[in-house]
Each structure stands twice: as C-alpha cells, then as structure tokens.
Undergrad: 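Here it is, the structure, as structure tokens.
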Amino acid sequence: MSKLPKENQFLDLSDYGRPIAIAIAKSLKNTSFTPIHVTLAFLVSGCIAIYCILHQYYWATVFFLVLKSILDAADGELARLKNTPSYTGRYLDSVSDIILNLFILITIWYVTNGSLIYTFLAFFSIQLQGTLYNYYYVILRNKYNGDTTSRVFENECPIAMAGEKQRNVNILFTLYSILYGLFDKIIYRLDKNAVLGNKLPNWFMTAVSAFGLGFQLLLIGLMLALGFKEYIIPFFIGYSVLIFVFISIRRIINR
C-alpha cells in the first residue's frame with residue numbers, strides 16, 4: 001500500500017527497498033509479528049552495520065545498511081496491511097533512525113581518525129537534509145489524503161490510537177521532540193511557506209528524495225566499500241548546499 005494516491009506517487013531514490021519491504025510485510029500479515037517487531041529488527045540490522053564498519057567488513061556494511069532501509073519501509077507497510085497505524089511506531093521509527101545515524105557517523109570518525117567537530121557537523125547536516133525531504137513529503141501526504149500518521153507540525157503530543165498506550169506515545173513523542181525539534185524548526189524557518197504551496201511536482205520530489213535516509217545510507221555504504229571512507233564526513237557537509245537549491249526551486253515552482 002502506498003502512502004500517496006497513484007497520481008501523486010513519485011520515484012523515491014531513498015525507497016529502493018520498497019518491493020522487498022512489501023513482500024516481507026505480506027509474509028508477516030497473518031503472523032503475530034507487529035510493526036514494532038520489524039522496527040526493532042531494523043535497529044538490530046543498523047547495529048550489525050556499525051559492527052561491520054568497526055571491523056572493516058565494508059561490503060557487509062552495505063548489505064546491512066540496505067537491509068536496515070528495507071526493514072524501515074517494511075514496518076510501515078505491515079502497519080498498513082494490518083490496519084494498525086500507531087504513533088508509537090511512528091516515533092519509535094524516527095528515534096531509532098536518528099540514534100543509528102549518530103552512531104554510524106561516530107564509528108566512521110573512529111575508523112578514519114577524523115575530526116569529531118566535523119563529524120557532528122556532518123550529523124547535523126544529514127539530519128537537516130532528511131528533515132527537508134520529510135517536510136515536503138509529509139506536506140504532500142497530508143494534501144492528497146495519503147498516509148497521515150506523520151504530521152506537518154509535530155508541536156504537541158497526539159492522542160493515542162486504538163491499540164496503543166498513551167504513556168508510550170507521550171514518552172516517544174518527548175524523545176522525538178528533543179531529538180528532532182531543532183531540525184524541524186530550522187527547516188520550517190527556511191521554508192515556512194511550503195505548507196501554503198499548491199505544487200510539489202513528482203520530478204521535484206524525486207530530486208529531493210536524494211536527501212532520504214535510505215539513499216544517504218546507501219551512499220555511506222558504497223563510499224566505505226569503494227575506499228572513500230575519509231570523504232564521507234566532508235561529503236555530507238557539502239551535500240547540504242542542495243538544501244538551499246531545493247528550497248529555491250520550490251519557491252520558483254509555487255510563484
């Protein structure tokens with residue numbers, strides 16, 4: 001099941017694992033496995049990828065980063081197939097992502113003997129990039145009656161859905177706000193009029209999807225495997241220039 005109506009679907013460069021994710025979700029539909037179990041599985045896959053980086057098993061790192069991205073898509077697919085959307089799953093997914101991103105970059109810093117300051121700047125850059133993509137994507141999903149578990153403005157804790165506990169939602173929303181709040185505020189300040197725009201063309205969303213986490217992780221894995229590990233940190237810092245390019249294009253489109 002797609003997060004968007006057919007006419008608004010676009011080629012998502014970060015979502016290359018969706019066909020396999022759908023197959024996994026279908027195989028789990030009539031089992032006791034829940035979307036939360038799948039989220040925990042992608043967390044494990046990310047941790048194995050970190051282990052592989054530490055021991056310089058770089059092609060194995062690519063495999064487990066790609067597997068992480070596939071499972072990251074599969075949890076949402078399973079939630080839609082079982083008709084069990086939840087804020088618990090939504091926030092757990094995001095909190096797991098940002099923690100894994102931080103530890104992946106710290107691990108890269110460790111194996112390259114690079115600058116810790118630049119490493120945190122790269123982490124900040126990666127999160128801003130992903131936040132811009134998610135910002136536009138959630139606007140699109142809300143505008144065209146797609147999946148609406150994610151909200152454009154995450155400024156107050158939502159009411160728990162059927163089947164989940166409000167306490168869990170409260171805890172995870174608080175963690176989400178602490179970890180993502182600054183990035184959300186920065187991107188909104190940079191392009192606060194995006195929510196008022198009437199056009200986010202498919203080609204534009206495909207371009208912005210290069211900021212999606214799945215694509216970012218694929219780039220990290222390939223750069224490790226191809227012997228460019230020292231360039232990962234500076235690359236993602238420089239990659240942030242495209243944030244201003246995409247915002248400028250979005251403004252031109254919606255004049």
Undergrad: Quick one: do V241 and L132 end up in the same hydrophobic cluster if we chain Ile, Leu, Val, Met, Phe, Trp and Tyr together by side-chain heavy atoms under 4.5 Å apart?
TA: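 Hydrophobic grouping puts V241 apart from L132.
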Undergrad: Would you check if S240 and F236 make a side-chain contact, meaning some heavy-atom pair closer than 4.5 Å?
TA: no
Undergrad: A quick test of your reading: do over 12 heavy atoms of other residues, nucleotides or ligands sit less than 6.0 Å from CD1 of I117?
TA: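 Open: at most 12 neighbouring heavy atoms sit under 6.0 Å from CD1 of I117.
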Undergrad: Does this structure show an ion pair linking R18 with E77, if we count only N-O contacts that are shorter than 4.0 Å?
TA: yes
Undergrad: For I159, I'd like to know if atom CD1 has over 12 heavy atoms of other residues, nucleotides or ligands within 6.0 Å.
TA: no
Undergrad: Taking a hydrophobic cluster as the set of Ile, Leu, Val, Met, Phe, Trp and Tyr residues connected by side-chain heavy atoms closer than 4.5 Å, whether directly or through intermediates, do M223 and Y57 fall within one such cluster?
TA: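 No; tracing contacts between hydrophobic side chains, which count when under 4.5 Å, never links both residues.
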Undergrad: Mind checking whether Y239 and F235 have ring centres under 6.0 Å apart?
TA: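 Y239 vs F235: aromatic centres under 6.0 Å.
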Undergrad: More than 12 heavy atoms of other residues, nucleotides or ligands under 6.0 Å from CZ of F103: is that the case?
TA: no
Undergrad: Would you say L200 and F10 make side-chain contact, with heavy atoms under 4.5 Å?
TA: no
Undergrad: In terms of hydrophobic clusters joined by side-chain contacts under 4.5 Å, are W203 and Y133 together?
TA: yes
Undergrad: For this output row, return yes or no: ring centroids of F211 and Y137 closer than 6.0 angstrom.
TA: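 Distance test on ring centres: not under 6.0 Å, no.
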Undergrad: Could you tell me whether the side chain of L102 reaches within less than 4.5 Å of the side chain of F120, counting heavy atoms only?
TA: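 Of all side-chain heavy-atom pairs linking L102 with F120, at least one is under 4.5 Å.
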Undergrad: Please say yes or no: joined through hydrophobic side-chain contacts below 4.5 Å, possibly via intermediate residues, are I243 and I252 part of one cluster?
TA: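 Looking at the clustering, I252 is in a separate group from I243.
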Undergrad: What about the rings of F64 and Y51, do their centers lie closer together than 6.0 Å?
TA: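 Ring-ring flag for F64/Y51: false, centres at least 6.0 Å apart.
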